[in-house]
Amino acid sequence: MISVQENDELTRTGAGTLMGDLFRRYWLPALLASEIAEPDCPPVRVKLLAESLVCFRDSKGNIGLIDEFCAHRGVSLWFGRNEECGLRCPYHGWKYDGSGQCVDLPSEGNAGPMRSRMKLKAYPCLELGGVVWAYMGPPELKPEPPGIEWAHVPAERRYVSKRLQESNYLQALEGGIDSSHVSFLHGAELKRDPLFVGSKGNEYNERDRMPEFDVVDFPGGLLIGARRNAEGGRYYWRITPWVLPTHTTIPPRAGHPLGAHVWVPIDDQHCWAWSINYHPNRSLTVSELSAMKSGRGIHVSYMPGTYVPLQNKRNDYMIDRGGQKTGKTFSGVEGIAMQDASLQESMGPIQDRTRENLCPTDRGIVMMRRKLLEAARASRAGGAPPALRADEQRVRSCAIELPREQHFKDHARHGLFAPPDTDPVTV
Amino acid sequence: MISVQENDELTRTGAGTLMGDLFRRYWLPALLASEIAEPDCPPVRVKLLAESLVCFRDSKGNIGLIDEFCAHRGVSLWFGRNEECGLRCPYHGWKYDGSGQCVDLPSEGNAGPMRSRMKLKAYPCLELGGVVWAYMGPPELKPEPPGIEWAHVPAERRYVSKRLQESNYLQALEGGIDSSHVSFLHGAELKRDPLFVGSKGNEYNERDRMPEFDVVDFPGGLLIGARRNAEGGRYYWRITPWVLPTHTTIPPRAGHPLGAHVWVPIDDQHCWAWSINYHPNRSLTVSELSAMKSGRGIHVSYMPGTYVPLQNKRNDYMIDRGGQKTGKTFSGVEGIAMQDASLQESMGPIQDRTRENLCPTDRGIVMMRRKLLEAARASRAGGAPPALRADEQRVRSCAIELPREQHFKDHARHGLFAPPDTDPVTV
Amino acid sequence: MISVQENDELTRTGAGTLMGDLFRRYWLPALLASEIAEPDCPPVRVKLLAESLVCFRDSKGNIGLIDEFCAHRGVSLWFGRNEECGLRCPYHGWKYDGSGQCVDLPSEGNAGPMRSRMKLKAYPCLELGGVVWAYMGPPELKPEPPGIEWAHVPAERRYVSKRLQESNYLQALEGGIDSSHVSFLHGAELKRDPLFVGSKGNEYNERDRMPEFDVVDFPGGLLIGARRNAEGGRYYWRITPWVLPTHTTIPPRAGHPLGAHVWVPIDDQHCWAWSINYHPNRSLTVSELSAMKSGRGIHVSYMPGTYVPLQNKRNDYMIDRGGQKTGKTFSGVEGIAMQDASLQESMGPIQDRTRENLCPTDRGIVMMRRKLLEAARASRAGGAPPALRADEQRVRSCAIELPREQHFKDHARHGLFAPPDTDPVTV
């Protein structure tokens, strides 16, 4: 249970807010690279951290992410013409390059001093792992490119999707580091989703629904370990790394690909839920890709032409009470991703955390919030928050059986900090 | 014409408001019993007096009405599993019984002290007359079960429906006790609706459109008499009892069933309009039930799968200007219920009563408001408002012809306070 | 770039606002005469300057424009019965004539003093040019009927339409007097719209996209001249008169009809865009009318049964990125009217003008705003704003080629202030 003020501090990310300033220290996923697939393709509206922007790929393939609205009379540049290395406003033909600089001002005869004064807000972008990343902070503090593992594997080993979540980012992130709910909400899915089936860990998840949590600091954030009883007097550990600001990786199950998420605030009531599967050491198979594309695993199906899930709050997530009754699903909602999203959205656009009652299994959540606030305050005070460096982001989730006397923080390092191109450590 | 402050006092019913406190002294219709038809059926979202709740029927058939949101992390229990005498949150499996008490806390190993501390707000319910009633006030002040007549007749003598009204409850209630508009708005309906036709009273309603109102106090609220000229130098009285907080009964016409309403605030901009037909002394006929189910009389047709009327403000109530012109209807809107609802909603979500101009025929409305405020203030001062006792609620509307010198308050008592299982007094 | 306060002053038109008071000095288009085609036809909801009204044509053909809500209990008179020279409220039969006076009070026996006290707000109307005009200001200041030319030509020489624009009126008006954007946004349309093709001026528009603006005062408002290079060392002038409060006329192209607009505030976030074509001296042809009715030129196609454009912000104006790429259109949006509307709406419901950067080509806009504010302040101080007199409104746009040394203010008067029934001066 936290105060109204703390909840506000943790959930608001607009310009000038405490958490908004922290998010602006990191590279953030802005859109799928495929949304701006080719040079001079249509521009795309992008709202991030409550700022309205437009993104385009220019004639040379460079990416621009600039203020949505023309400096002249405020027209949306989403209607703009993407041509000859710039985005041209359709009202009077003003043209901006990817740095936001006005490079053509035909209605005014290109009067030099005026044109050079016309410069829109612009944020640097980079393309990595099928995603366009944006950096929205002070230029002099721009960090090196993201080091998160999924963004660096060859394209054929990775599948990336995003979906709109109609809630604040924090309740999504809190779901992402909460290993405890898996035994309940997703229990049935573990037995039938092709991207999860067949792992011994699933049995442990089912049998022991009261994991012990142990949370360990590391330079990128936290390693959140959930311990369940396994066979032979051992423990089954599932370790979910959280990398600031909102990266998580999901412990793999048997030979399946790893999972990962990033939760990126659109505004205070909406976020992008990025969902990634990847295998560090092999291509994804045809059947894996087919399952992912059809919305299995951590992915979803969409309302046509959008990134809004087909199951959404306007249709009560197509809840199937019969399936809930028979145990086909635990909550009646189909699919891992929408099981999470439905419940997280049900908390309201911004969860009222003054009414929550946290428990021992919420230890990861408590420590994550504390670390977010500490990082934000340190950053304001001129310090460097965690996970700015690429090497701090290099961590991988793992699932592992260990003798009872061995703690994961010492004995799972080979799984957590594995070199590239190696198989996941998993059960 | 009342002040802004009075209008606020009369129309706001959230927790802690003057009228909200008064409503919380009474048993209120919460949902149809058929909405939770069987043990362990799906839970139902219920919003009453601006409080978000969830209602369920447990394995033993007992009804729970508890806070919609789980005590743990705020997930909506509407997604819950209704099983083994409790509602289980789908996130981490916490389970609550109908008293709101957490009875299973599997993710935390059922740690005793913690579990017993986890208790959700819960309100007592009872099932009566096909309706689940809730009491949302202080436990020590809980009144005896409702005594209103329609709730006590055998099921085959009663038909109950509800519809969403997109306005504050007060303008609905004011319509309900306004006998004057019947001659105008519903005039054409009296001649063709199978649930109204064939009464001598209809002729009186049509001929004398300027009733004299006389309003008489009684322990349950008010008896609102509207007097019109009848044949033979007599008066035709239609007496509408109002029982606090928002019960009305509609004077019967000839051999037709009695009508009744309850207007229950959902929030300040919406209310449930409950509509009941019943006959104290006989079963409803097949043709009566068929008419009611098809939306005739005081009932409506619905948007499929909802309690939202098919005719609603988004489709301008399917107004038929041709029918208005020819006199098939007076306003162009079909059906008694939607004629009322359309006009009441047209006043705005909360009518601005600082602009109204009340008349002698609005005497019932003026006295009802005064009595509501008096009752609310008395209740706050520690007194008992009217109609808490079941016997105070035992009143029945009637329509009666009386010699001019006989006042209804003395000479209609046999119709108003008739014993059970007797025919209505009607014209 | 203007201050928040100036932007508020310019854009707010509710009762008691600076600009609202100015608009209330003029006759304003309220609805199409065809919306109330016959005596006793259904009444129509009309919202103007943030006031909710209802308009009806009574049994004698007179037009009433009165408060939407009944004086009694606030029911919307849109549900009223238009009969026997008045609009009758469907709740209790109260009836109002076109002056807002209650003329029948049947539920109260027509009690004389009460009835005469019941008087709704009402505004005088007149019918002119296929349009019902309303005057919402102080009765003693009511000006003579509008003198604008399009309203006075015979009906067969005129076509009038209106469409809902989901923005403040000012950004629409600013687009209307901005001749500069035509070369860009509408450039492709000039070559293919049957209502524009074939004018030498189109070539000038295309070749010289950097017009010089010259703005000249006249008693009705401003004459906004845009000068482009023409052949033979001459200038091509397009002169757009702006007549207060929000009339514009569009310079004609070759033998095509003239165009005109009026932008009328519904509320601060919506306005009616009135669009008129007329020829002062001949009937519109069958093919011209057919093009106008099918949404070509400055007209649009509608969502069935509404005045909401078929292309609207909910469907991204049906943007065609392929057509944008090939140059079929400049912005991808089809049609002159929706090209303007899409961009003006994209600025937001009320453009934030504290972020604009105006240029020399925006001179007309700057002077128009200044004149609006001056007129509003003069009016408040008891003076007469421009264009109150019909003769001050008699101006016509023209397009003309002139030798470089001849200024339009002296040498285009025969085109701007031409007598009725004469051909436009055009290129």
Side-chain angles (χ1 to χ4, degrees), chain A residues 35-45 47 51-52 54 56-57 59 67-84 87-96 100-102 104-121 304-306, chain C residues 1 7 167 170-171 174-175 178-188 208-213 226 228 313 315-317 319-327 329-333 338-348 350-363 365:
Chain A
E35 292 180 74
I36 46 168
E38 297 167 347
D40 289 340
C41 65
V44 174
R45 289 184 195 101
K47 195 171 186 183
E51 298 187 33
S52 293
V54 65
F56 64 103
R57 190 185 296 271
S59 315
D67 195 325
E68 184 185 341
F69 303 103
C70 181
H72 181 208
R73 299 243 301 277
V75 158
S76 172
L77 294 170
W78 179 80
F79 292 93
R81 300 176 61 84
N82 185 5
E83 58 189 17
E84 294 166 0
L87 191 58
R88 190 181 290 284
C89 178
Y91 213 11
H92 300 87
W94 294 26
K95 184 169 156 185
Y96 302 90
Q101 178 62 53
C102 182
D104 192 17
L105 214 150
S107 68
E108 306 294 327
N110 274 314
M114 174 151 200
R115 192 184 62 194
S116 63
R117 252 191 311 120
M118 292 300 118
K119 191 169 190 328
L120 293 176
K121 177 172 71 177
T306 76
Chain C
M1 204 166 310
N7 203 30
S167 84
L170 187 62
Q171 58 221 60
E174 290 180 353
D178 169 15
S179 198
S180 168
H181 75 274
V182 176
S183 303
F184 301 94
L185 183 59
H186 306 315
D208 183 353
R209 309 202 296 178
M210 198 188 84
E212 288 286 325
F213 272 75
R228 286 175 173 85
K313 65 178 177 178
N315 56 28
D316 277 330
Y317 309 93
I319 195 168
D320 168 16
R321 294 289 189 181
Q324 182 184 33
K325 185 61 82 187
T326 61
T329 58
F330 194 69
S331 75
V333 174
M338 292 318 301
Q339 286 164 1
D340 284 329
S342 59
L343 298 190
Q344 290 160 12
E345 292 182 1
S346 85
M347 298 166 181
I350 302 179
Q351 187 196 345
D352 176 4
R353 291 182 178 76
T354 65
R355 297 184 61 194
E356 72 186 358
N357 286 284
L358 297 188
C359 299
T361 52
D362 297 310
R363 196 170 298 145
I365 289 173

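Residue numbers start from 1 in every chain, and the chains themselves are labelled A, B, ... in the order their sequence lines are given, proteins ahead of strands. Quick note: numbers below take in every heavy atom, side chains included, and nothing from hydrogens, waters or symmetry partners.
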Please determine, among C/Asp352, C/Asp208, C/Asp316, the option with the most heavy-atom pairs under 4.5 Å with chain A. C/Asp316

When heavy-atom pairs shorter than 4.5 Å are enumerated against chain A, which of C/Ser342, C/Gly348, C/Ser346 gives the highest number?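 Between C/Ser342, C/Gly348, C/Ser346, the count favours C/Ser346.
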
Tell me, for [X] versus chain A, whether the close heavy atoms (under 4.5 Å) come from the side chain, the backbone, both or neither.
X        : value
C/Gln344 : side chain
C/Gln351 : side chain
C/Val182 : neither
C/Ser183 : neither

In terms of heavy-atom proximity below 4.5 Å to chain C, should A/Asn82 be classed as side chain, backbone, both, or neither? backbone

Counting only non-hydrogen atoms closer than 4.5 Å, does A/Cys70 touch chain C with its backbone (N, CA, C, O), its side chain (CB onward), both, or neither?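 Neither part.
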
Tell me if the centroids of the rings in C/Tyr317 and A/Phe79 come within less than 6.0 Å of each other. yes

Tell me whether A/Arg81 forms a cation-pi arrangement with C/Phe330, defined as NZ or CZ under 6.0 Å from the six-membered ring centre and within 45 degrees of its axis.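 Satisfied, under 6.0 Å and within 45°.
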
Do the numbers put C/Arg321 on top of the ring of A/Trp78, so that NZ or CZ is under 6.0 Å from the six-membered ring centre and no more than 45° off the axis? yes

Between A/Arg88 and A/Asp104, does any side-chain N to carboxylate O distance fall below 4.0 Å? yes

Donor-acceptor contact below 3.5 Å, side chain A/Arg73 vs main chain C/Leu358: no

Which word best sums up how the rings of C/His186 and C/His181 line up, parallel for under 30°, tilted for 30 to 60°, or perpendicular for over 60°? perpendicular

